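The figures that follow rest on heavy atoms only: side chains count, while hydrogens, waters and symmetry mates do not. This is a predicted model, so every value here is computed, not measured.
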Amino acid sequence: MIELVESWAREAGEIIKQRASEGFDVSEKTARDDLVTNVDKEIQAFLFAKIKETYPDDSIMGEEAEEGENAKIDMKKGRVWVVDPIDGTINFVLQNRDYAVMIATLTNGVPTLGLVYDVVENELFSGGPGYGVRLNGEQYEPTKKLPLNIEDGLVGHHAYMFSRDIDQVMTKTKHSLGTRIIGSAGIVLNKMIKGELAAYISNLSPWDYLPGSTILHELGYDFAKIDGGELDFHERAKVIIASPKSIEEFING
Ligand code: IPD
Ligand code: CA
Ligand code: CA
């Protein structure tokens, strides 16, 4: 299954590159800085169609789904696909880089597959239980000993939360080696896979954190709500993705 999903993501990447060269329409969703393009919608429709055609009994959640559709899905029942057609839409629109196609699956509420495709850099990470980690279709071996702890590396943050020290995200990560704010959860998590960042703390929807976190779990990382509560995979939540030691220290420290 993983190879098939990788091939869909690559096809999606080709469509995105084509549209980027032709031009596309941008519109606002909830605010001036909450953008969507016709490409986000086209890619979601493309991936939904592939999933429905191949696995008609599965459920599908997507960032650009019709109002109310995501809420109807029981995340604990059967296989659920979670799709973010373009993660980092603002980067896509303004920079034409640092965006990703992302897909995850849950099976009876347990993450089973994650995929993050950095289209511009041509880096497609995928993996999950039974798959290990793959980069561009080959088994991936990290070059550094992972997981890193917060004190040993850089932390990816959410600009709004970091600048206001919401829930002490700045104070509680002062012992890191520095901060990076990138604008795409997927690109941040790919950097964690490569050992370039040690942790990520942000306010995220399931389609933002599940694809990368499922891959990172294979490398010894974990993910949790920053208040220690249970993640339901339905709602947006403030999450930390880090080593189990750093998560424990962040929540209880
Ligand atoms: C966003 C990006 C961003 C994160 C936001 C997400 P989108 O995804 O991942 O880095 O801070 O919370 O919503 O809207 O570009 O797919
Ligand atoms: Ca996203
Ligand atoms: Ca998106």
Inset, instruction - Enter the distance from Thr171:OG1 to Asp165:CG here, rounded to the nearest 0.5 Å. - result: 3.5 Å

Legend entry - Interatomic spacing from CE in Met192 to CD1 in Ile215 - rounded to 0.5 Å: 11.5 Å

Legend entry - Atom NZ of Lys41: over 12 foreign heavy atoms under 6.0 Å: no

Show me, pair by pair, the donor-acceptor contacts under 3.5 angstrom made by side chains of residues 10-18, not counting sequence neighbours?
{"residue": "Arg10", "atom": "NH1", "partner": "Tyr117", "partner atom": "OH", "Å": "3.2"}
{"residue": "Arg10", "atom": "NH1", "partner": "Asn122", "partner atom": "OD1", "Å": "2.8"}
{"residue": "Arg10", "atom": "NH2", "partner": "Asn136", "partner atom": "OD1", "Å": "2.8"}
{"residue": "Glu14", "atom": "OE2", "partner": "Lys17", "partner atom": "NZ", "Å": "3.3"}
{"residue": "Gln18", "atom": "NE2", "partner": "Glu22", "partner atom": "OE2", "Å": "2.9"}

Legend entry - Gap separating the CE atom of Met1 from the OH atom of Tyr131, nearest 0.5 angstrom: 4.5 Å

Inset, instruction - Output the distance between atom CG (Leu115) and atom CG (Leu210), rounded to the nearest 0.5 Å. - result: 13.0 Å

Legend entry - 4.5 Å side-chain heavy-atom contact, His157 and Arg180: no

Inset, instruction - Using a 4.5 Å cut-off on heavy atoms from C-beta on, say whether the side chain of Val36 contacts that of Ser27. - result: yes

Inset, instruction - Taking atom CD of Glu138 as the centre, report whether more than 12 heavy atoms of other residues, nucleotides or ligands fall under 6.0 Å from it. - result: no

Legend entry - Donor-acceptor under 3.5 Å (Thr107 side chain, Val110 main chain): no

Inset, instruction - Any chance you could lay out the side-chain contact (heavy atoms from CB on, under 4.5 Å) test for Leu113 and Ser126, step after step, and finish with the verdict? - result: CA-CA 7 Å; Leu113 188 150; Ser126 60; 5.7 Å; no

Inset, instruction - Please answer whether the main-chain N or O of Thr37 pairs with a side-chain N or O of Asp25 as donor and acceptor at a distance below 3.5 Å. - result: no

Legend entry - Closest heavy-atom pair and its distance - Lys77, Asn108: C-OD1, 3.9 Å

Inset, instruction - Flag yes if more than 12 heavy atoms outside Arg97 fall under 6.0 Å of its CZ atom; otherwise flag no. - result: no

Legend entry - Nearest atoms (heavy-atom pairs only) where Ala237 meets Leu231: CB-CD2, 3.9 Å

Inset, instruction - Test Trp81 against Val5 for side-chain contact (heavy atoms from CB on, under 4.5 Å), laying out the working first. - result: CA-CA 11 Å; Trp81 295 75; Val5 181; 3.7 Å; yes

Legend entry - Any donor-acceptor N/O pair, Asn91 side chain to Asp98 backbone, under 3.5 Å: yes

Inset, instruction - Check side-chain contact (heavy atoms from CB on, under 4.5 Å) between Met75 and all other residues, then give those that pass, not counting sequence neighbours. - result: Met61, Ile73, Val80, Val82, Leu106, Phe233, His234

Legend entry - Test item: Ser59 and Asp74 side chains (from C-beta on) under 4.5 Å apart, heavy atoms: no

Inset, instruction - Check whether any side-chain heavy atom of Glu151 lies under 4.5 Å from a side-chain heavy atom of Lys245, and answer yes or no. - result: yes

Inset, instruction - Kindly indicate, with the supporting measurements, whether the criterion side-chain contact (heavy atoms from CB on, under 4.5 Å) is fulfilled by Gln168 and Phe250. - result: CA-CA 10 Å; Gln168 293 190 289; Phe250 185 91; over 6 Å; no

Inset, instruction - Could you tell me whether Lys29 atom NZ has more than 12 heavy atoms of other residues or ligands within 6.0 Å of it? - result: yes

Inset, instruction - Evaluate the criterion salt bridge (charged side-chain N to carboxylate O under 4.0 Å, His left out) for residue pair Lys72 and Glu66; output intermediate values, then yes/no. - result: CA-CA 11 Å; Lys72 289 185 199 159; Glu66 296 295 323; over 6 Å; no

Legend entry - Short side-chain to backbone donor-acceptor contact, Asn70 and Gly62, under 3.5 Å: yes

Inset, instruction - For residues Gly153 and Ser176, report the shortest heavy-atom separation together with the two atoms involved. - result: O-CB, 3.5 Å

Inset, instruction - Identify which one of Glu196, Glu123, Glu121 satisfies the salt bridge (charged side-chain N to carboxylate O under 4.0 Å, His left out) criterion when paired with Lys191. - result: Glu196

Inset, instruction - Using the test salt bridge (Lys or Arg N to Asp or Glu O under 4.0 Å), find all partners of Asp167 that sit at least two apart in sequence or belong to another chain. - result: Lys238

Inset, instruction - Indicate yes or no: at least one non-hydrogen side-chain atom of Leu177 is less than 4.5 angstrom from one of Asp152. - result: no

Quick one: side chains of residues 45-53, donor-acceptor pairs under 3.5 Å with protein atoms, not counting sequence neighbours, listed by atom name and distance.
none

Legend entry - Pairing residues for Ala71 by the side-chain contact (heavy atoms from CB on, under 4.5 Å) criterion, not counting sequence neighbours: none

Inset, instruction - Compare all side-chain heavy atoms of His158 with those of Leu204 and state whether any distance is below 4.5 angstrom. - result: no

Inset, instruction - Measure the CG-CD1 distance between Leu197 and Ile182 for me, rounded to the nearest 0.5 Å. - result: 5.0 Å

Inset, instruction - Provide the closest heavy-atom pair for Ala9 versus Leu124 in the form atom of the first, atom of the second, distance. - result: CB-CD1, 4.2 Å

Legend entry - Single-linkage hydrophobic cluster, 4.5 Å side-chain cutoff, Ile187 and Leu135 together: yes

Legend entry - Backbone of Gly109 reached by a side-chain donor or acceptor of Lys76 within 3.5 Å: no

Inset, instruction - Check the hydrophobic clustering (I, L, V, M, F, W, Y; side-chain heavy atoms under 4.5 Å; chains of links allowed) and say if Val133 and Val116 are grouped together. - result: yes

Inset, instruction - Only one of Asp87, Asp84, Asp118 passes side chain to side chain donor-acceptor pair (under 3.5 Å) with Ser184; say which it is. - result: Asp87

Donor-acceptor contacts under 3.5 Å from residues 218-227 side chains, at least two apart:
{"residue": "Tyr221", "atom": "OH", "partner": "Leu148", "partner atom": "N", "Å": "2.9"}
{"residue": "Asp227", "atom": "OD1", "partner": "Gly229", "partner atom": "N", "Å": "2.8"}

Legend entry - 4.5 Å side-chain heavy-atom contact, Trp8 and Thr54: yes

Legend entry - Side chains of His217 and Pro111 in contact at under 4.5 Å (non-hydrogen atoms): no

Legend entry - Nearest-0.5 Å distance, CE of residue Met170 to CD1 of residue Ile201: 12.0 Å

Inset, instruction - Please name the pair of heavy atoms, one in Lys172 and one in Gly253, separated by the smallest distance, quoted to 0.1 Å. - result: CE-O, 4.3 Å

Legend entry - Over 12 non-hydrogen atoms of neighbours within 6.0 angstrom of CD in Glu141: no

Legend entry - Path from Tyr209 to Met102 over hydrophobic side-chain contacts below 4.5 Å: yes

Inset, instruction - Could you tell me which non-hydrogen atom of Leu146 sits nearest to which non-hydrogen atom of Pro142, and how far apart they are? - result: CD1-CB, 3.8 Å

Legend entry - Cluster link Ile150 to Tyr200, ILVMFWY, side chain under 4.5 Å: no

Inset, instruction - Would you kindly confirm whether Trp207 and Phe125 end up in one hydrophobic cluster when ILVMFWY residues are joined by side chain heavy atoms under 4.5 Å apart? - result: yes

